[in-house]
Amino acid sequence: MGDKVSDFLLKRLSAWGIKRIYGYPGDGINGILGGLERNKELFEFVQVRHEEMAAFMATAHAKFTGEVGVCLATSGPGAIHLLNGLYDAKMDHQPVVAIVGQSARPAIGGNYQQEVDLQSLFKDVASEYVHTAMSPIQIRQLVDRAVRIAKTERSVTCIILPKDVQDLDAVEAPPHAHNTVHTGLGYSYPYIVPTDADVQRAATILNKGKKVAILIGAGAMHAGKEVTKVAELLGAGVAKALLGKAALPDTLPFVTGCIGLLGTKPSWDMMQECDTLLMVGTSFPYSEFLPKEGQARGIQIDIDGRMLGLRYPTELNLIGDSAQTLRALIPYLEHKQDRSWREKIESNIRDWWNLVETRAMESADPLNPERVFLELAKRVPENAIMTADAGTTANWYGRIIKMKPGMMGSLSGSLATMGAAVPYAIAAKFAHPDHVPICCTGDGAMQMNGLNELITVAKYWKRWSDPRLIFLVLNNRDLNQVTWEMRIEEGNPKLPTTQDLPDFPYARFADSIGLKGIRVDNPDDVGRAWDEALSTNCPFVFEAITSGDVPTIPPHISFEQAKNYMRALVKGDPEEGDIIKQSVKELVGGMLPHKDNE
């Protein structure tokens, strides 16, 4: 008996090097599921609890491996569920192929059960390539083009397979005839650098600068050595967009840490005082955290010309791979003899890390969340893979965790969706079973979808060579990031009706499904709890009972934002007393702004 379309589809994916598929079953993909059973030696199929999680995991797989991530869902509702995770991939420029079922061809257009116009549905998220297989002859070119375009454009592509097509006899090679397409395997990454004349222009600008600042993002993730060399030659400091946090370790003395609302004071100070800005592989969106127009000469390097000159009016925009372009630039750079700018940056960084520790050791009722992250930062292993959710955990991850050489880390960047940290960590573990993923999430995201994916962990963890996978849950019974945004951006007090969350026993839940859990509400127990989590030979849920009253505001907020903050308290914030106590501590620590710092 010959192969069916589903068999050939899977074998062609395997020929492209795909080894893992994240998905959830449904009768709209029964043919493909049968093909997975017949070809189970080719793939590890990871059964998630919800299709959105499959898309998140495919995105994280791409981020942590550099490979194409693949997710699979049934027709109609299953396909719809993929969308949020796929938009995460699209907006963070990750190569992901989505494979979805569809109603049988004779039923299409007949308002059939679960029939959705999937071409239209996916046209935005998979704008680079989305097509429906109407004939077995198409399968080879649909797979080849979906994978190749995902790699080339670093974006989402989609293949739609009607359920009757899945069970047709495969056609591995299209007939040598008119109206057929003949594709092949293979992709070689290009060597992309600007012209030598433009590289020399960039060097001239950088050599003339007396106070050079470098900002890197996810596009510089493979260019750490080159960025370090450029920074050493120019006496520059390096700030990182949050998606580029793992591009350089924070143990380097010139790395100022993250930038923006989740950033550090040294990064802010450097951007306010620099006279030259080199942006490498970043599309950091918040221009108010960059130099003012006219303050600094700007150069940007990005592999995607559409992203150049978008956030700052750079005078020289270079299309090129980050590492390759910097390697071409380095021979033209002069070693700056005056190191006073660099010395000032390094001094600011040392002061910052001392302040971080002081702030984290301040008391809060019951736990200061910064203390929880500080104790982790002291112990985090070099093979850790950090993930953070779109909430206050991203603040503490961005400011407090020191990335070490060899560590990886990511989160939902441009989309900034809740609920990505848990599936990201699970995908990291599948991709790197000998590493220790550490997921940092809040109780809101955990209740949204994280709890269900702990069931996925319970299903698979005994397969992993190193079973350590840690989930930190900040249990403050509040949608805390939004609460603080209401205070800072709008001057409104916390609204309990929308912000209060029900309490839930996260650690006990972990115990109930065969994992290990611990609940911590005493500051003296935090360090010991991390020691236990990192040494336990089992996935671990660290439930930290934290205060929601510790201000998440960075040290460089505007005076207007500070006034909004105080206005919220005057209006009668339900947590007013505790917030005032915590704010006094921040003020003593030099963290809140004064008007002359605006």
Side-chain angles (χ1 to χ4, degrees), residues 202 205-217 220 223-224 226-245 247-301 311-315 322 326 333 336 338-356 395 398-403 553-558 590-591 593-594 596-598:
I205 295 170
L206 293 168
N207 288 333
K208 287 182 178 178
K210 291 182 170 55
K211 298 179 178 180
V212 180
I214 301 174
L215 174 61
I216 62 175
E226 291 79 8
V227 172
T228 299
K229 182 64 175 177
V230 171
E232 289 288 358
L233 287 169
L234 298 175
V238 181
K240 302 182 290 187
L242 196 57
L243 277 177
K245 183 173 173 66
L248 273 185
D250 292 296
T251 51
L252 295 172
F254 55 86
V255 173
T256 62
C258 289
I259 188 174
L261 288 167
L262 282 60
T264 71
K265 191 172 188 301
S267 293
W268 169 260
D269 290 341
M270 182 174 69
M271 290 296 163
Q272 295 305 297
E273 299 174 21
C274 69
D275 63 14
T276 309
L277 175 63
L278 174 60
M279 302 171 68
V280 183
T282 178
S283 182
F284 174 74
Y286 303 116
S287 298
E288 67 269 29
F289 293 95
L290 300 178
K292 295 177 181 178
E293 287 196 27
Q295 171 192 324
R297 303 181 72 181
I299 300 169
Q300 186 174 0
I301 300 169
R311 311 302 186 192
Y312 189 79
T314 43
E315 65 179 273
S322 295
L326 292 176
L333 296 178
K336 293 194 185 299
D338 182 356
R339 310 303 279 187
S340 58
W341 170 244
R342 174 69 165 265
E343 290 166 0
K344 179 180 181 180
I345 291 171
E346 293 186 2
S347 176
N348 288 344
I349 294 168
R350 288 192 296 271
D351 291 344
W352 167 256
W353 287 117
N354 289 333
L355 187 58
V356 165
N395 295 51
R399 291 188 207 147
I400 299 174
I401 296 297
K402 278 190 176 183
M403 302 302 283
I553 48 181
H556 43 260
I557 67 167
S558 69
M591 299 300 290
H594 304 279
D596 57 0
N597 293 335
E598 184 177 4

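All of these numbers come straight from a predicted model, not from anything done at the bench.
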If you take all heavy atoms of Trp352 and Pro266, which pair is closest and at what distance?
CB-CG, 3.4 Å

Which residues pass the side chain to side chain contact (heavy atoms under 4.5 Å, CB included) test with Ser283, sequence neighbours left out?
Met307, Leu310, Arg311

Minimal non-hydrogen separation, Ala213 against Met270, with atom names
CB-CG, 3.7 Å

Indicate yes or no: at least one non-hydrogen side-chain atom of Lys344 is less than 4.5 angstrom from one of Glu273.
yes

Gap separating the CG atom of Leu278 from the CG atom of Leu234, nearest 0.5 angstrom:
8.0 Å

Going by heavy atoms in the side chains, are Ile216 and Thr282 under 4.5 Å from each other?
no

Any non-hydrogen side-chain atom of Ile259 less than 4.5 Å from a side-chain atom of Thr264?
no

Least distance between heavy atoms, Cys258 atom then Leu242 atom
SG-CD1, 3.6 Å

Steps toward side chain to side chain contact (heavy atoms under 4.5 Å, CB included) verdict (Ser322, Glu226):
CA-CA 9 Å; Ser322 295; Glu226 291 79 8; over 6 Å; no

Under 3.5 Å donor-acceptor pairs involving side-chain atoms of residues 247-256, not counting sequence neighbours:
unit_1, atom_1, unit_2, atom_2, d
Asp250, OD1, Lys240, NZ, 3.0
Asp250, OD2, Lys240, NZ, 3.3
Asp250, OD2, Met403, N, 2.9
Thr256, OG1, Val238, O, 3.3
Thr256, OG1, Ser267, OG, 2.7

Please lay out, stage by stage, how Met271 and Leu277 fare under the test side chain to side chain contact (heavy atoms under 4.5 Å, CB included).
CA-CA 8 Å; Met271 290 296 163; Leu277 175 63; 3.9 Å; yes

About how many Å separate CD1 of Ile205 and CD1 of Ile299, when rounded to the nearest 0.5 Å?
4.0 Å

Only counting residues at least two apart or in another chain, list the ones meeting side chain to side chain contact (heavy atoms under 4.5 Å, CB included) with Arg350.
Glu346, Ser347

For a quick test of reading the model, state the closest non-hydrogen atom pair linking Tyr312 to Pro291 and the distance between them.
CE1-O, 3.0 Å

Should Trp341 and Lys336 be marked as a side chain to side chain contact (heavy atoms under 4.5 Å, CB included) after you check the CA-CA gap, both sets of side-chain angles, and the distance that decides it?
CA-CA 10 Å; Trp341 170 244; Lys336 293 194 185 299; over 6 Å; no

Has Asp275 got a side-chain atom pairing as donor or acceptor with Lys211's backbone, closer than 3.5 angstrom?
yes

How many angstroms lie between CD1 in Ile214 and CD1 in Ile301, if you round to the nearest 0.5 Å?
9.0 Å

Please check if the side chain of Arg399 supplies one atom and the backbone of Gly257 the other of a donor-acceptor pair under 3.5 Å.
no

Using side chain to side chain contact (heavy atoms under 4.5 Å, CB included), reason through Leu215 and Leu290 one step at a time and then give a plain yes or no.
CA-CA 9 Å; Leu215 174 61; Leu290 300 178; 3.7 Å; yes

Looking at Glu293, I want to see if its CD is surrounded by more than 12 non-hydrogen atoms of other residues, nucleotides or ligands under 6.0 Å.
no

Which value, rounded to the nearest 0.5 Å, describes the distance between Thr228 atom OG1 and Leu326 atom CG?
10.5 Å

